[in-house]
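Since the structure comes first, as structure tokens, the remarks are kept for the end.
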Amino acid sequence: MTGSRPSNLEEYKIKASILLKLLKSNDPEKALGAATRFRRLPHLAALSPRDIVERKESVQRKHALGVIALEHNRASWAELKDYMEKREALKNRRGYTALYPRRCAGFLNEWYASYEVARGHLEQTGGYLLSYGSQFFICTAGYIKALGLDPEDPDWKLIRWDWVKPADTEAWERLNRKLQSVEAETAV
């Protein structure tokens, strides 16, 4: 993942550190703004932002990590970490990747070095935006079928046909599980 969305756990950790610093700031406006975000945590939800600011010394980094996870539709930091690690593992495979297996090498795809250019092409002409290493490509429904996935699966629409920066991470996870299942079957 590149661009405005954090692409790795380090960026999420930095965001959590910034959130915690804002809460502990001497600037009341910044502290209250951060406290409002901390109210997402179940054990702080009943408190007002002012109450949270008054108790800011008891708020720890693990709480800030929990807020970041909740803001990214994950129930906990552990769940967000697991999701990101699995996604990175899929993205960083060497030689063979689930998104560009040998059986798909004969397809003519549109290749791009830049996500933004690939996304623009996708918006203009349609298709499916996938990645291979640090490159991006637009493929057709035939390619998706060759991968072993259904190009008509409603989850493609939910992710806006964009595997790299999916609009719906839960839909992406469902597609990814299907891809992993196909990968396991073809490896046997």
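Quick note: numbers below take in every heavy atom, side chains included, and nothing from hydrogens, waters or symmetry partners. For reference, positions follow the sequence shown, starting with 1.
Under the rule for a side-chain contact (heavy atoms from CB on, under 4.5 Å), the partners of Leu175 that lie at least two apart in sequence or sit in another chain are Asp153, Asp155, Trp156, Ile159, Trp163. For Thr36, the side-chain contact (heavy atoms from CB on, under 4.5 Å) test picks out Pro49, with sequence neighbours left out. Among residues two or more places apart in sequence or in another chain, the side-chain contact (heavy atoms from CB on, under 4.5 Å) test is passed with Ala34 by Leu19, Leu22, Leu23.
Across all non-hydrogen atoms, the minimal contact from Phe136 to Ser114 is CD1-C, 3.6 Å. Looking at every heavy atom in both residues, Ile138 comes nearest to Ala118 through CD1-O, 3.5 Å. In terms of heavy-atom proximity, Leu80 sits nearest to Ala69 at CD2-CA, 3.8 Å. Between Ser25 and Ala31, the shortest heavy-atom contact is O-CB, 4.0 Å. Between Asp168 and Ala171, the closest heavy-atom pair is OD1-N, 2.9 Å. Minimum interatomic distance between Ala75 and Leu70 (heavy atoms only, all atoms of both residues): O-CD2, 3.9 Å.
Hydrophobic clustering of Ile, Leu, Val, Met, Phe, Trp and Tyr side chains at less than 4.5 Å, counting indirect connections, unites Ile144 with Phe107. Criterion: ILVMFWY side-chain heavy atoms under 4.5 Å apart, direct or through other members. Under it, Leu158 and Leu122 are not part of a common hydrophobic cluster. Side-chain heavy atoms closer than 4.5 Å link hydrophobic residues (I, L, V, M, F, W, Y) into clusters, and following such links, possibly through other members, connects Tyr112 to Tyr132. Under a hydrophobic clustering in which Ile, Leu, Val, Met, Phe, Trp and Tyr are joined whenever their side-chain heavy atoms come within less than 4.5 Å, directly or via other members, Leu65 and Ile14 fall into different clusters.
In this structure a side-chain-to-backbone donor-acceptor pair under 3.5 Å is missing from Arg50 to Leu32. Between the side chain of Arg39 and the backbone N or O of Leu47, at least one donor-acceptor pair lies under 3.5 Å. Side chain of Tyr115 to main chain of Ser131: no donor-acceptor pair is present (N/O by atom type, distance under 3.5 Å, no hydrogens or angles). Under a 3.5 Å cut-off, the side chain of Ser17 and the backbone N or O of Lys13 do form a donor-acceptor pair. Lys178 places no side-chain N or O within 3.5 Å of a backbone atom of Asp150 that could act as its donor or acceptor partner. Between the Arg61 side chain and the Ala16 main chain, no donor and acceptor come within less than 3.5 Å of each other.
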Please report the C-alpha distance between Tyr100 and Tyr143 in whole Å, then the side-chain angles of each, then the deciding distance to 0.1 Å, and finally whether the side-chain contact (heavy atoms from CB on, under 4.5 Å) criterion is met.
-> CA-CA 10 Å; Tyr100 197 72; Tyr143 185 95; 3.0 Å; yes
Check the pair Gln180, Asn176 against side-chain contact (heavy atoms from CB on, under 4.5 Å), reporting the backbone distance first and the verdict last.
-> CA-CA 6 Å; Gln180 289 174 357; Asn176 188 39; 3.3 Å; yes
side-chain contact (heavy atoms from CB on, under 4.5 Å) between Ile68 and Arg37, worked out | CA-CA 9 Å; Ile68 297 301; Arg37 292 173 64 192; 3.8 Å; yes
Might you work through the side-chain contact (heavy atoms from CB on, under 4.5 Å) test for Phe38 and His63, ending with a clear yes or no?
-> CA-CA 8 Å; Phe38 275 97; His63 300 122; 4.0 Å; yes
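Using bins of under 30°, 30° to 60° and over 60° for the plane-to-plane angle, the ring pair Tyr12/His72 lands in the perpendicular bin.
Atom CD of Glu29 has 12 or fewer neighbouring heavy atoms from other residues, nucleotides or ligands inside a 6.0 Å radius. Residue Arg174 qualifies as enclosed at atom CZ: its count of foreign heavy atoms under 6.0 Å is above 12. With a 6.0 Å radius and a threshold of 12 heavy atoms from other residues, nucleotides or ligands, Lys145 has its NZ atom at or below the threshold. A 6.0 Å sphere centred on NZ of Lys56 holds more than 12 heavy atoms belonging to other residues, nucleotides or ligands.
With respect to Arg119 and Glu116, no salt bridge is recorded, no charged nitrogen being found less than 4.0 Å from a carboxylate O.
Atom CH2 of Trp161 sits about 8.0 Å away from atom OH of Tyr128, to the nearest 0.5 Å. Atoms OG1 and CZ, on Thr169 and Arg74 in that order, are 4.0 Å from each other to the nearest 0.5 Å. If you take OG on Ser58 and CD1 on Ile52, they are separated by 9.5 Å, rounding to the nearest 0.5 Å.
Within the 4.5 Å cutoff, side-chain heavy atoms of Glu173 are placed close to those of Tyr83. Looking at Trp77 and Leu9, their side chains come closer than 4.5 Å, going by heavy atoms from C-beta outward.
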